[in-house]
Every structure is written in C-alpha cells, then in structure tokens.
Amino acid sequence: MKGKVYLVGAGPGDYKLLTLKGLECIKNSDVIVYDRLANENYLKEANKNCEFIYVGKKSSNHTLPQEDINKVISDKAKEGKIVTRLKGGDPYVFGRGGEEGEILKKEGIEFEVVPGITSAIGGLCYAGIPITHRDYASSFHVITGHLRDDDKQNSEINWNALANINGTLVFLMGIANLKKISTNLIKEGKPKDTPVALINWATRYNQKVITSTLENVYEKSLIENIKPPTLIVVGDVVKLRDKLNFFENKPLFSKNIIVTRTRNENSLLSSKISDLGGNSIEIPTIKIEKIKNNIYLENEIKNIKDYTYLILTSKNAVEIFFDKLSELNFDSRALANLKICVIGTTTEKEIKKRGINPDIVPEKFVSESLFEKLKDILKPTDKVLIPGSKNSRDFLVDKISKICDVKEVHTYETILDYDKKEEIINILDSNKVDYITFASSSSVINFVNIIGDKNLDKLNKLKVISIGPITTNTAKNLNINVYKESDISTIDGMIDVIINDK
Ligand code: SAH
C-alpha cells in the first residue's frame, strides 16, 4: 500500500470555483488536511469515512506550525493513505505549497499538485476589477504584505520598482501592514491619488469591498474595520469596479438564508441561492441510520438466487445493499439473473457506479409510477426483494403481494437529527440570518421537534418563508409566524418571494 498526497488549490472561496480535478481528489481521499481559507463545504463531498484535519491558519497566528502540518501530511501518507492537502486559492501562491512538496519529495512520498484559482486574480474579478486592462495596466505583481519588522523583508521588496512600474499591485496578507505599504509606495513616487481597493472575504457571500486612494486608504480601513483575509489592490484598474461589479449586484447578494431539509440529498434550493449570490445555510433535519448487524439482509443476499426482481428506491438503499454484498464476499455477478428496478435519478446514478444498468427506471420518481410498469410484467412465479427504508410507505409491497411473492427488508431508517440542535441554536443566535425557508410541512415539524418549543421565539428575529398554504398552516399550528408564502408552491416561487422582498 502506497500513500499519495495531492496538494490541491481550493480556489478563493465561492463554492463553485474549484477545479474538477480538485473535486475528484476530495472525493477519493482518506484524509483531508485543510485550512481556514478553503471553503469548508467541500468536505461534504468527501467519502463518508474520510478523516478531516483542520490546520487553520489565521494570519500571523498559525493554529498548527508549518512543521507540524508537514508531519501530519507525510505521516498519513506513510500509513498508505490518500491525502488531500486543501489550501485556499492556489497552493503555490503564498501557500507554502512549495515547501510541502519539497518535504514530500525528500521523504520519498508520491505527490501531485492541483492548481487553484488564486484570490490574487479571482478575488479581484469578483470585486469587478480586472487585474490587467489595455488602458490601465499592462502587468500585474503579486506581493506578500507579511512584512518582517526587522526591515529585512522591507529591503527584499523593491518598493522603488513597485512604485514606478505601471502595473496592478496586489498585496496578500497585508492588511496589518497597510500603512507601511501605502507609505512606502508614496515615498518611492507612486501618486497619492492612485486608486486602491480592499477586498475582504473575496468571492464569498460576505465579500466586502472598499475603495479609496493610496493616501487615504489606511484611515478608511480603520473606519470600516477591515480585517484579514483581505486583498489590497493598487492601480487604475480599480476604477473599472463601478462598471464590472457583477457579483455584488446579484439579487440575493449578502442575504443569509436557512434552508431546512428533510432529505439526504443536495438541495436544489441551496444551489440556486448560491448562484444568485446568497448564503445558504443548510440545516438537514433528518439523518440516515443504518440498521446494524442486519441478519435479515444477510439471509436474503445469501438466497438471492431465489429472487427474480430487486427494487432499490434510494441512494442509501443502493449503498447499504452493495456494502453488504461485498461484505459477504459477493459482487454484482450475484445479481446477474435479476431484473433490477430503481426509483429516481440519484438512485440510478448510484447503481450505475457499480457497473449495473437498471432494467426499469420509471419516468416519475414515485412508487406508483414503478408499479405501473411492473403490474403488466410481473408473473405469479416471480419473487421480489425490496431492501430499503423502514419509513417508506407500504404501497409497493401491498400492490406487488397481490401478484407474486415479495419480501421487504429494512436496511435503514430516517430519524430526526437531534445532534443538530446546538448548531441550529447557534445559527439562530448569531443574528446573521435574514430568512428561514420551509419547503414542506415535515420540514417545519422536524425543525420544531429538534429545537424544542422553548426556542421557538428565536425564529421571531427571522423572516419565515413558506412554500405554500399547507406548509403555512402547519407552521401556524406550531405558533410560527409566517412572514411570506410563495404564490406558486415551488422552489423558484420561494426564491422569487425573497428576491422581491425589499
Ligand atoms: N494561496 C492563496 C493565498 C494564501 S495567503 C491564494 O492563492 O489565494 C493568504 C492571503 O491570501 C490572505 O491574507 C489574503 O490576503 C489572501 N486571500 C486569500 N483568500 C482570500 C479571500 N477569499 N478574500 C480576500 N483575501 C484572500
């Protein structure tokens, strides 16, 4: 077993600004070592057994010293693990990726580097500032602002050259030294009225940009209380921000919206909110609990040759079934004589990953639609196996049993995720949320069950958006004030309500 390390650039923060290759590394890793600037939501893409190690760096106050980070990475790789070292922006732009690579080389550990979009370019872009422009800047320079006190670094940086070259200057890690930077540039001849932008948390929903001049920027940064992580941009390209600022003009920019979920799938609502510039705070209200030591499932798998049909109605059902199959030393060939039916595209994708093309996938993602297909082809001699959720409806079993033998085996159940209570309360108490959305009655009921009646008044600070009359009614019965209800009961309808709420 040989381990391997991927030094992956996580991009500047916006969730979708990660490379396909970076995502692949995250999905295939045994260990992810990540820092503060890498968007934490990427961890949700990892394997369920993946280990996460936070080595967060806050400027000048490292949570873990670099030597320890190096050691964690190489130790894990030596254990034979696939390690992703996830770093904000690009690993080789002031990310100490070079040093980490050197150590791995020295220790004989195989590694690859996956470049990322650096904040030094992508961050400017989201602030409406093109780093070069034919009329304003014909070069750009990315400089560390992490200046040493001893003047050594000051002399390493050629202030005179920087002040006199007609290119865009981008300082990283520089906010604590903003005064020094602006003074040095002015001293060496850069005009005092050169435009400057400070971009805080670039590309994220909480991006904040202020513009000023070299002469005044320091004062303004104090007034606006600008903290790291911030990019300092010096040059005429800053003037283009008024015209090119697309990100902050998005309809949901800077809106913080809680999305309550009752399914274990990526939420369409969340994704749409992010695309519109908003911050979606996902709160899943349920979790999946696998039934342990499932001898019933084991028995049926051992007798799988007796069956003619296998029905899997969810991604979880597929995962658990195939895990058990391989645990018992079988593989998909054991299913060669079965007709396989699945419901839903996620389920279909999941089974295709196992090299199986399902025989039947009904157009609609419901049991009724599957039964419509089965009712004409099932024969009395058939035998159907349905391994799945304890909470699912009896519909399929009832209907199929009228035609032939059917066996349902519970492999998991969905339960309320009470572990989320503290996290939810913290979010509600943070005073950083504008809206909470409920897309079904069960999401309201689950939510109230988890946080408990006595915390309900915390919702008064937020605007509650309901998808339609049934959900609104449920909320009212639970003493929740619905601020607005969507005209059409769809995800887009809810989004429209928020966009139009001025
Ligand atoms: N490798 C990273 C840079 C690491 S150095 C990259 O390529 O982007 C850390 C500095 O990068 C921070 O102090 C800040 O100046 C800058 N930075 C990184 N991400 C940022 C973001 N989203 N917004 C503003 N500045 C950011």
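Values below: all heavy atoms of this structure, side chains included; hydrogens, waters and symmetry mates excluded. It should be emphasised that the depicted structure is a prediction, and the values quoted were computed from it without experimental measurement.
- Residues satisfying the side-chain contact (heavy atoms from CB on, under 4.5 Å) criterion with Glu110, sequence neighbours excluded, are Lys2, Lys4.
- A salt bridge between Arg85 and Asp35 is present, with a side-chain N of the basic residue lying under 4.0 Å from a carboxylate O of the acidic one.
- Going from atom NZ of Lys187 over to atom CG of Asn160 covers 10.5 Å, rounded to the nearest 0.5 Å.
- Side chains of Thr471 and Ser466: no donor on one and acceptor on the other come within 3.5 Å.
- Asp75 CG to Lys81 NZ: the interatomic distance, rounded to the nearest 0.5 Å, is 10.5 Å.
- The pair Lys44-Glu282 does not count as a salt bridge, with every side-chain nitrogen at least 4.0 angstrom from each carboxylate oxygen.
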Requested in this report: Dump the intermediate steps for side-chain hydrogen bond (donor to acceptor under 3.5 Å, both in side chains) on Asn166 and Tyr136, then the final yes or no.
Outcome: CA-CA 8 Å; Asn166 184 25; Tyr136 301 107; over 6 Å; no
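- Asp434 has no carboxylate O lying under 4.0 Å from a charged side-chain N of Lys463, or vice versa, which leaves the two without a salt bridge.
- The six-membered or imidazole ring of Tyr205 lies away from that of Phe253, with a centre-to-centre distance of 6.0 Å or more.
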Requested in this report: Using the side chain to side chain contact (heavy atoms under 4.5 Å, CB included) rule, take Ile32 and Ile53 through it: C-alpha gap first, then chi angles, then the decisive distance, then the call.
Outcome: CA-CA 6 Å; Ile32 297 178; Ile53 303 176; over 6 Å; no
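- Under the rule for a salt bridge (Lys or Arg N to Asp or Glu O under 4.0 Å), Asp487 has no partner lying at least two apart in sequence or in another chain.
- For Lys220, there are no salt bridge (Lys or Arg N to Asp or Glu O under 4.0 Å) partners at least two apart in sequence or on another chain.
- Two residues are said to be in side-chain contact when any heavy atoms from C-beta on lie closer than 4.5 Å; Leu198 and Ile175 meet this criterion.
- For Asp453, there are no salt bridge (Lys or Arg N to Asp or Glu O under 4.0 Å) partners, not counting sequence neighbours.
- Salt bridge Asp275/Lys16: present, at least one basic N to carboxylate O contact under 4.0 Å.
- Proximity of Ile286 to Leu416: side-chain heavy atoms (C-beta onward) are separated by under 4.5 Å at one or more points.
- The line from CD1 of Ile320 to OG of Ser314 is 7.5 Å long, rounded to the nearest 0.5 Å.
- Salt bridge absent: Lys27 and Glu24 never bring a charged side-chain N and a carboxylate O closer than 4.0 Å.
- For Arg241, the salt bridge (Lys or Arg N to Asp or Glu O under 4.0 Å) test picks out Glu248, with sequence neighbours left out.
- Under the 3.5 Å distance criterion, with hydrogens and angles disregarded, no donor-acceptor pair is assigned to the side chains of Tyr92 and Thr118.
- Within the structure, every pair that satisfies the side chain to side chain donor-acceptor pair (under 3.5 Å) test and touches residues 6-15, not counting sequence neighbours, is listed here: Asp14-Tyr126, Tyr15-Glu45.
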Report task. Apply the test side-chain hydrogen bond (donor to acceptor under 3.5 Å, both in side chains) to residues Lys227 and Asn225: give CA-CA distance (whole Å), side-chain angles for both, the deciding distance (0.1 Å), then the verdict. Result -> CA-CA 6 Å; Lys227 297 258 153 43; Asn225 194 21; 2.7 Å; yes
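- The existence of a salt bridge linking Glu112 and Lys21 is confirmed by a sub-4.0 Å separation between a basic side-chain nitrogen and an acidic carboxylate oxygen.
- If you take CG on Asn177 and OG1 on Thr183, they are separated by 10.5 Å, rounding to the nearest 0.5 Å.
- At a cut-off of 3.5 Å, with distance as the only test, no side-chain donor of Glu413 or Asn391 sits close to an acceptor on the other residue.
- Expressed to the nearest 0.5 Å, how far CG of Leu185 lies from CH2 of Trp159 amounts to 5.5 Å.
- Atom CD1 of Ile181 and atom NZ of Lys179 lie 12.0 Å apart (nearest 0.5 Å).
- Under a 4.0 Å N-O distance rule, the pair Lys287/Asp419 qualifies as a salt bridge.
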Query raised in the report: Yes or no on salt bridge (Lys or Arg N to Asp or Glu O under 4.0 Å) for Arg96 and Glu100, after CA distance, side-chain angles and deciding distance?
Result: CA-CA 7 Å; Arg96 305 189 72 169; Glu100 289 172 11; over 6 Å; no
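- Look at Lys290 and Glu319 and you find no salt bridge, because none of the NZ, NE, NH1 or NH2 atoms lies under 4.0 Å from a carboxylate O.
- Phe447 and Phe438 have perpendicular rings, their planes meeting at more than 60° on a 0 to 90° scale where under 30° would count as parallel.
- Residues Asn200 and Leu231 form no side-chain contact, since every pair of their non-hydrogen atoms from C-beta on lies 4.5 Å or further apart.
- Between the side chains of Gln66 and Asn70, a donor-acceptor pair is found at a separation under 3.5 Å.
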